[in-house]
Each structure stands twice: as C-alpha cells, then as structure tokens.
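Data block below; observations after.
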Amino acid sequence: MMTIRSFRRRTISLNACILAALLGSTVIGSAAEQKIGAPPEAMNMRLVGYNDLQGRSAYQPTIHRQGDRYIAYIGHHGGTPDVPKPINSLTGQAEFNGTSIVDVTDPAHPKYLAHIPGTPGNYEEGGAQMTRVCDGRTLPKGDPGKVYLLRVFGGKGHQIYDVTDPASPQLIWQSQNELKDTHKSWWECDTGIAYLVSGVPGWRVNRMTEVYDMSDPAHPTKVRDFGLPGQEPGSTGPVPEQLHGMISLGAEANRVYFGYGTNKGGMMQIVDRDKLLHGPKEPTPDDLRYPEVSRLSMTPWNGAHTAFPMMKMPIAEFARDKVGAQRDIVMIVDEQILNECQEPRQLAWFVDITIEAHPMVISNFQVPEASGDFCSRGGRFGTHSSNESMAPVFYKKLAFLSYFNAGVRAVDVRDPYHPKEVGYFIPAITSATDKRCVKVDGQDRCKVAIQTNNVETDDRGYIYIVDRANTGMHILELTGDARAIAALP
C-alpha cells in the first residue's frame, strides 16, 4: 500500500514533469514508446494546467459552472492490483476510486476539493465511472439554491449527491436494487428526465436503459425500462449487442440517440422521446419497437460508444442547392478495446440523418497509425469518445476525440463530409502512468503509454482530457489555426 511519504515523493516527481511540459510543449517525432521526461507531442494545442487526480484511473469528466466558479467532476475506474486504494491526499486515507471534484476556475492552477469513494474492485469492477451535474434552479422540482451530482456507484447502482458546496458532497439518494452493471448515463437538466445505463436483473444484457424522472433529485421515480427487442426478459434467440450510452436533445427536438455495441456489432438508434416516455411501457418486442424512429446497423467489426448529434449544420458546398443546404448529422465514435492493435481499428463515423428513415454514413475520421508508430507504443490505439458539450464555442465547428495512446485530436467538422484534423495533444507519461500488457507466446509484454480516455470542453473554450492509465487530468487550449476556427481571442 502506498504511504503518504511515497505519495508526496511521487507528487513532486509528477509536478516536475508537468513543469517541464508547460515550459516546453512541442511537436516531436514518432517513437515506439513514450519516455518519462520527454515533452508532450502537440499541434495547435497547448497545456494550460494539470492535476494528477491522486493517481486514479479516470473515465468521465463533467465541467459545470457553479456561480462564478467552474468545477470538474471526474468519474474513476477502479484501482489496480498494485494500488487498489490510492491515498486521498486531503485526508491521508486510502480510498477506493470514486469521484474527484476539482475547482478549475483558474485552469492554470486547478485545486483538488474532494474525493467521493466508489465501490471496491480493480479496473472495470470498481470505482464510479460516470458523472452528470444539474443546477436545482434548472430542474423543475429542484432546490434553486442547490447543485446536484448524478453518478454511477460502480456497477451496482446510481446515486445523487448535493454538491452545492463541492468540497463537501452529501448523498441524498441511492437506487435500491443492485444492478448487473452501469455506465454512461444522460440527465436532462431542464426536464429532470434521466436515461440511466443499467443492468436490471432478468434482462439478457448487462447494460440497457432505465428511464427515471429526476426532476426532484431527492425523490426520483422510475418511468420504464428500455432496450432492443431480444434483450428483454423472457426473450429467446440471438441477443443484440448491449447499450453503451445515449444523448438526448430534450423535449423540443424530441429525439434521443442511443449507441450500442461499443467495439463490435454496433448500432445507432434514433428514438422518439415522447413515445419513449409516454408510450406503452411493458418490455415486449412491440412496445420496445414503438419509440424507434430508425436505426443504423454497423459492421460486426465496429461499435457505437458515443452518438453525438449535430443538427441543422450549414454545408458551405451545398449553399446554392435548392434542397439540402442544411444537414442533420450524428457523429458515431467507436471504442477501441484491445491493446496494441489486436482487433479491428475503431474510428469516428459521420452519419447524415437529414432523412431520418435512411441514415447514411458519409465520411469517417481516423488518425494514421504510421504518424506516431501507435501500434507499437503500448496500450490502446483508436477512438474512444468525443466531447459532449453543446456550448456554442465549439459546437458544430470543432469536435474533440479521445484516442488513447494518440492523445486527443481536434477535428474540424464544419464540413462533415470531409472532417479534417487541425490539432492534437499527446500528454507526457509520468512515474504514475500504469503499464498495459499483451500476451506474446504466453508471456505478458508490457509497455507504458498515455491512455487518453475521455474528453470534455467548457463554454470558455478549455479542453479537459483524463487518462485511463493513472496519469491525471490535462487542461488544454487551442492555438494557431484551430483557435481561429472557434473564433477565440
């Protein structure tokens, strides 16, 4: 178990590495493996600030403006066999990974405020991966003076915390029935409707959807269960690939976009929100089909981790066309699972859904492997997720894709028929970065590489990336041509 003294020594080492990175962020050539002390690799992106997140494997960052402060809520995977319970430097106590709360009002000097422990277990078995945050003044039945955090509690359930004082979170609700798994949920702050990725016992998959009314965060009520026909209790035959997550455009747009399959047998499903909430709720095949508007079935080699909608996009090339000058687009991002390119490559796909009944893939984005010798670096190489903020600063102009050992990639999406990379940032590894292994002739071959896991942005134009391999959170800003696309000063 890590002692407080060894934790402090490691923190000093980490801070020295980060100071070097802040002073010398440059573009460097490709290398088979990253080395401690080497600078980050960057184009049109710059490191602004850093927090080591207590050496915890990080999944989902949510950035929320609370009054005149900006607070980052970061969900964590479980620990590792070597360090199952990292030290909480605020208390000196060893705690299972859960949720980190960091004040990022000054992005150059983020301040760690609190850690909420999660469930026991290493890697995917523990932690509290997912976070969503809503203001009480926005929620229909919330206390207007409060702020609420919705998080998963490992794979067991869901919780809501009062985080009005983000340094002192207070649990106010927890789901009662133990689930088979949880993951990437969505919470509509203006209506209170929450779409929870859950594994309700009896369903044939570990991840499907529980719909809740969380307009009163202290007293949520369940609306229904939802999934694909063939996943429901009592069904027979082949089981469709399980849910990964969803994004809702709310009551006015009346659409929810679901992604299934993660890295194989994927599907993007467009759902009529009103029918989902108010239609027949029994999990029969007909009732499950009722809210569906359409679906796009992907190949057995590809999945749908994130389905990010970008509606009414003006396409400059089509500006003089009588029909179709605006298009509705969904960006589907797959998740790479296996290390060192041991499975089909996962990409980002751009889908034209202007005619909803006929979704059509129109382009893709990928990072060339040879540009960084990424298959040889160690860990995963391929897409994972995109930012999900729809703040005007970047929405429908730039998307940010986490790419594991290729860091974060800034993509110009103004012409979704021809997405173009305009920037990237691959953080430097540190002494805290965890190894990633593959089997070679029955033996483990392990390498250390950055594993940029998820990414989010805020309405000021900062980009936040967190690392799966315990390297912490990097706060970035655009420079050069990429910054000009967002019209940032």
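- Here the two rings, on Phe394 and Phe400, have centers that are under 6.0 Å apart.
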Criterion ring pair (Phe, Tyr, Trp, His ring centres under 6.0 Å) on His183 and Tyr59, from CA distance to verdict: CA-CA 10 Å; His183 206 47; Tyr59 181 73; 4.9 Å; yes

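- A side-chain donor-acceptor contact under 3.5 Å links Thr433 and Thr471.
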Could you tabulate the donor-acceptor pairs under 3.5 Å formed by side-chain atoms of residues 405-413, not counting sequence neighbours?
unit_1, atom_1, unit_2, atom_2, d
Asn405, ND2, Phe374, O, 2.9
Asn405, ND2, Gly378, O, 3.0
Asn405, ND2, Arg380, O, 3.4
Arg409, NE, Glu421, OE1, 2.9
Arg409, NH1, Ala406, O, 2.7
Arg409, NH2, Glu421, OE2, 3.2
Asp412, OD1, Arg414, N, 3.0
Asp412, OD1, Arg414, NE, 3.0
Asp412, OD2, Arg414, NE, 3.3
Asp412, OD2, Arg414, NH2, 2.7

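- Judged by distance alone, the side chains of Asp162 and Thr164 do bring a donor and an acceptor atom under 3.5 Å apart.
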Would you check, one step at a time, whether the test salt bridge (charged side-chain N to carboxylate O under 4.0 Å, His left out) holds for Lys312 with Asp328? CA-CA 5 Å; Lys312 294 181 172 56; Asp328 294 337; 5.1 Å; no

Between Ser100 and Tyr112, does a side chain to side chain donor-acceptor pair (under 3.5 Å) hold up when you go through it step by step? CA-CA 8 Å; Ser100 289; Tyr112 200 98; 2.5 Å; yes

Should Asp434 and Arg436 be marked as a salt bridge (charged side-chain N to carboxylate O under 4.0 Å, His left out) after you check the CA-CA gap, both sets of side-chain angles, and the distance that decides it? CA-CA 7 Å; Asp434 193 28; Arg436 293 292 185 266; 3.3 Å; yes

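- Asn206 contributes no side-chain N or O that, together with a main-chain N or O of Asp181, makes up a donor-acceptor pair within less than 3.5 Å.
- Closest approach of Asn97 and Arg56 over heavy atoms only: OD1-NH1, 2.8 Å.
- Pairing each heavy atom of His158 with each of Val152, the nearest pair is ND1-CG1, 3.8 Å.
- Using modelled atom types, no side-chain atom of His384 and backbone atom of Ser402 make a donor-acceptor pair closer than 3.5 Å.
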Where do Arg445 and Glu33 land on the salt bridge (charged side-chain N to carboxylate O under 4.0 Å, His left out) test, with the steps shown first? CA-CA 13 Å; Arg445 180 182 71 200; Glu33 294 184 57; over 6 Å; no

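- Across all their heavy atoms, Ile74 and Val102 have their closest contact at CD1-CG2, 4.0 Å.
- Counting only N and O atoms by type, the side chains of Gln336 and Asn263 include no donor and acceptor under 3.5 Å apart.
- Counting only distance, with no hydrogens or angles, the side chain of Lys264 and the backbone of Glu241 share no donor-acceptor pair below 3.5 Å.
- Within a 6.0 Å sphere centred on NZ of Lys435, other residues, nucleotides and ligands contribute 12 heavy atoms or fewer.
- With Ile71 as the partner, the side chain to side chain contact (heavy atoms under 4.5 Å, CB included) test is satisfied by one option alone out of Thr62, Ile63, Leu113: Leu113.
- Gln129 and His76 form no side-chain donor-acceptor contact under 3.5 Å, judged by distance and modelled atom types alone.
- Residue Val133 comes nearest to Cys189 through the heavy atom pair O-SG, 3.4 Å, listed as atom of the first residue, atom of the second, then distance.
- Between the side chains of Gln93 and Asn88, no donor-acceptor pair is found at a separation under 3.5 Å.
- With ring centers used as reference points, His77 lies 6.0 Å or more from Tyr123.
- Listed for the Ser57 side chain is a donor-acceptor partner under 3.5 Å among the backbone atoms of Arg468.
- Looking at Thr105 and Asp103, their side chains do bring a donor and an acceptor atom within 3.5 Å of each other.
- Counting only N and O atoms by type, the side chains of Thr99 and Arg151 include a donor and acceptor under 3.5 Å apart.
- Defined by atom type and a distance below 3.5 Å, a donor-acceptor pair is present between the side-chain atoms of Tyr260 and Gln269.
- Scanning both residues, Gly136 and Tyr148, for their nearest heavy atoms gives CA-CE1, 3.6 Å.
- In this model, no donor atom of one side chain and acceptor atom of the other lie less than 3.5 Å apart for Gln346 and Thr383.
- Put simply, the side chain of Thr131 gets close to the backbone of Tyr73: a donor and an acceptor are under 3.5 Å apart.
- In this structure, Tyr195 and Phe258 have perpendicular ring planes: the angle between them is above 60°, well past the 30° mark.
- Under the 3.5 Å distance criterion, the side-chain polar atoms of Glu317 are left unmatched by any main-chain donor or acceptor of Ile315.
- A cation-pi contact links Arg460 to Tyr70, judged by a cut-off of 6.0 Å to the six-membered ring centre and 45° from its axis.
- Residues passing the side-chain hydrogen bond (donor to acceptor under 3.5 Å, both in side chains) test with Tyr417 are Arg327, Asp352, sequence neighbours excluded.
- A distance-only check finds no donor-acceptor pair linking the side chain of Glu369 to the backbone of Cys341 [under 3.5 Å].
- For Phe350 and Phe365, the ring centers sit 6.0 Å or farther from each other.
- Checked by atom type and distance alone, the side chain of Asn387 never pairs as donor or acceptor with a backbone atom of Val455 at under 3.5 Å.
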